[in-house]
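Input: a single structure, listed below in structure tokens.
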2 protein chains.
Amino acid sequence: MASASVKDVAALAQVSVGTVSNVLNRPDIVSPETVERVQLAMEKLSYVRNEAARQLRLGHSQAIGLISFSGANPFFTDMAAAAENTASEAGYEVIIGNSNERSEREAGYLNLFEELRVRGVLLSPVGDVAPRLRRMRERDIPVVLVDRESSDSSFSSVSVDDVAGGALATQHLIDTGRTRLLFVGGPAGIQQVGDRLAGARSVVDQHPGVTLEVLFGESLTVFEGRRIGRIVADRAPADRPDAVFAANDLLAIGLLQSLFIDGKPAVPDQIALVGYDDILFAEASVVPLTSVRQPSRLIGETAVQILLEEADDRSLEPRHIRYQPELVVRESTTPR
Amino acid sequence: MASASVKDVAALAQVSVGTVSNVLNRPDIVSPETVERVQLAMEKLSYVRNEAARQLRLGHSQAIGLISFSGANPFFTDMAAAAENTASEAGYEVIIGNSNERSEREAGYLNLFEELRVRGVLLSPVGDVAPRLRRMRERDIPVVLVDRESSDSSFSSVSVDDVAGGALATQHLIDTGRTRLLFVGGPAGIQQVGDRLAGARSVVDQHPGVTLEVLFGESLTVFEGRRIGRIVADRAPADRPDAVFAANDLLAIGLLQSLFIDGKPAVPDQIALVGYDDILFAEASVVPLTSVRQPSRLIGETAVQILLEEADDRSLEPRHIRYQPELVVRESTTPR
DNA sequence: CTGAAAGCGCTAACAG
DNA sequence: CTGTTAGCGCTTTCAG
């Protein structure tokens, strides 16, 4: 049996297709009896609306495209979940594509989203997207930049102040009496990591007795954290830092697992440890981890709101929202 | 500027829309010069095909719906990723919905998938889906059951032998000299957990000297594992098991974190520990975890293949594929 | 090999 | 309040 269409419903309910459409989209302008009769017919035929036809007629879909650059990062998962909720309340769904930091995959999804005629896209740009963005603009597809600011600021953006976050973590370490700090980052070139480091530097520079060493790993993963931790643990005592600031929690958790000195955990007594993102595992790890929390859910919600407003009114000026991170103190930075 | 359509392309290339469509779908039957001329025109207008229109004409979309029952479970994430790859090679995309074990959400996604006229759906059923499945069948939408077998076996399924997995883990514990076993499960009613326990029981029953205690937690999470671990660690030595089989790795990792006896880790010397799923964290945890690995990627690939075959030929008999799990031995079960 | 034309299911404008 | 109708962009016969 093929799916029933509005025509079939109309025939069974003895009304016209226009009325069926009205029952679907503006039930208030249809008389109650008619509404009921039509709904009964729909049920009888187990009618389901054909989204493709609707979309074709409307000119755009009821979907928002979201391109994240790391599917494994809980920060993004959270943000995406919040975006989905907000969008869903407004009758939209969110389609997610993971670029995994590859600019060709980013381009691929941008393309797919265009074919799908999405209502707008939420993007954490990786490569040089300026030309693509220009095209989106020509097409009247609104774009909101997430977690990274646009270079030309002609697109709205929702981000978090990573410089402030880096400063927050560093100030806390110094406040708890640490003086030989180590920053552990991911591959150079990730803007967020650079910003967090810049924040750390600015604070260290104001404290004459404090030093800051920097170590860049290959990736922001638990494995890499373990590897770096082992290197640090193997150093001579005088060369070891007394505090480590990891660019994200995955890295920090890896460090935590391998920072053992003379067979005993070095955190927090010998080495204080701060992570970034405050993922669920941060609280659940062997030594609960102090971390810098980003308002991931709020970011997702705000980004969708702005996007939908711009979709409704293409003449809106771009807006730039920047949230402040927050320090969550746990045992991994307990003062000696 | 509105998006260019086949009409615009046809006009610019001085051909008919039919030819443009042919260039798009069967370029081989069009003369090379014409193809080139049309492609040039497409580029000039930066034409992108309208999926909605295409879909309307074709009668179905190029998407497969996937309903998983836990977005946080790495087993599903892996399976979904494999499904996406396989689907993508065949020109399909996968739309994912998380039911989170809630049957009304499951119904919601099933509905959405119908509206979207998906080519088929991959489903790990939660509630009583029999009536819905019947409807899908009437609509000629193929369904493949994943990780759970259908009660009436009239739908194809791809699953893993959880009874065998439970037996595998248990046999290994006994082989390494353990005799007082404890099974830690999640909420009753989850079929997989029940099957793993049944497997464990069957092996224990064949070994007279071995006992099996069973503890059911509230959920299959790290937190719950930590809670249960603390309870076990606090028992009198004589009451403590010498081996624990956890129904999944999250639980096992929680247990690992809290199974400390006299301030020292109890695993693996005093208590051997086996998990299930072999998630990434299993290898990366403080004591690398022995675990039962499911061929998650293979499941995703197979399920998509079967689905697509059935979509092409609705007269195919349902097939039932059942994979065998595999034991991955690591330090958490090192013999004393 | 190419062109013309029908029609997929829906919504919105307009007429009654 | 309800009915009629045009047309969204595409693919696919069917003729040429």
Side-chain angles (χ1 to χ4, degrees), chain A residues 1-39 41-42 45-63 91 112 114-119 139-140, chain B residues 1-39 41-42 45-63 91 112 114-119 139-140:
Chain A
M1 171 184 110
S3 312
S5 79
V6 274
K7 235 192 227 159
D8 306 314
V9 175
L12 184 59
Q14 315 226 50
V15 296
S16 73
V17 291
T19 301
V20 175
S21 174
N22 281 335
V23 170
L24 245 22
N25 301 298
R26 304 114 104 221
D28 39 301
I29 70 159
V30 182
S31 82
E33 309 94 75
T34 313
V35 170
E36 196 163 336
R37 200 144 38 90
V38 170
Q39 280 174 342
M42 286 184 180
L45 299 168
S46 49
Y47 166 81
V48 283
R49 174 200 250 158
N50 184 325
E51 258 302 309
R54 178 168 201 235
Q55 187 172 316
L56 177 57
R57 180 62 231 239
L58 259 34
H60 59 80
S61 76
Q62 290 291 110
L112 177 64
E114 270 195 74
E115 288 191 2
L116 260 25
R117 300 296 190 271
V118 295
R119 200 65 210 275
R139 289 270 155 74
D140 253 12
Chain B
M1 170 184 111
S3 311
S5 78
V6 273
K7 233 193 230 160
D8 305 314
V9 175
L12 184 60
Q14 315 227 47
V15 296
S16 75
V17 290
T19 301
V20 175
S21 176
N22 281 336
V23 170
L24 244 23
N25 301 298
R26 303 115 104 223
D28 39 299
I29 71 158
V30 181
S31 81
E33 309 95 76
T34 313
V35 170
E36 194 163 338
R37 202 145 37 88
V38 170
Q39 281 174 343
M42 286 185 182
L45 298 168
S46 48
Y47 166 81
V48 284
R49 175 199 250 158
N50 184 324
E51 258 302 308
R54 179 170 199 232
Q55 187 173 315
L56 177 58
R57 180 64 232 236
L58 258 36
H60 59 79
S61 75
Q62 290 292 109
L112 177 65
E114 271 195 73
E115 286 190 3
L116 259 26
R117 299 296 189 272
V118 295
R119 201 66 211 276
R139 289 272 155 72
D140 254 12

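This structure is a prediction, so every number in the text was calculated from the model and none was measured. Residue numbering restarts at 1 for every chain, and letters A, B, ... go by the order of the sequence lines.
Comparing C:dT11, C:dA5, C:dT2 by their closest approach to the side chain of B:T19 singles out C:dT2.
Looking at heavy-atom distances under 4.0 Å, A:V20 makes no contact with the nucleic acid at all. Residue B:S21 is in base contact, counting any heavy-atom pair closer than 4.0 Å across all strands shown.
The CG atom of B:L12 lies 13.5 Å from the OH atom of B:Y47; values are rounded to the nearest 0.5 Å. The line from CZ of A:R49 to CG of A:N25 is 5.0 Å long, rounded to the nearest 0.5 Å. A distance of 9.0 Å separates CD in A:Q55 from NE2 in A:H60, rounded to the nearest 0.5 Å.
Between chain B and DNA chain D, the heavy-atom contact criterion of under 4.0 Å yields a 5' to 3' nucleotide range of D:dG9 to D:dT12.
With sequence neighbours excluded, no residue forms a side chain to side chain donor-acceptor pair (under 3.5 Å) with B:S61.
For B:T34 and C:dT2, the shortest distance from a side-chain N or O to OP1 or OP2 is below 4.0 Å. Contact annotation: A:R49 reaches the phosphate of C:dT11 (side-chain N/O to OP1 or OP2, under 4.0 Å).
Rounded to 10 degrees, the angle separating the terminal axes of the helix from C:dC1-D:dG16 to C:dG16-D:dC1 is 40°, with each axis obtained from five end pairs.
Along DNA chain C, the nucleotide closest to A:N25 and the one closest to B:L58 are compared, and the more 5′ of them pairs with B:L58.
Heavy-atom neighbours of B:Q14 CD from other residues, nucleotides or ligands within 6.0 Å: at or below the threshold of 12.
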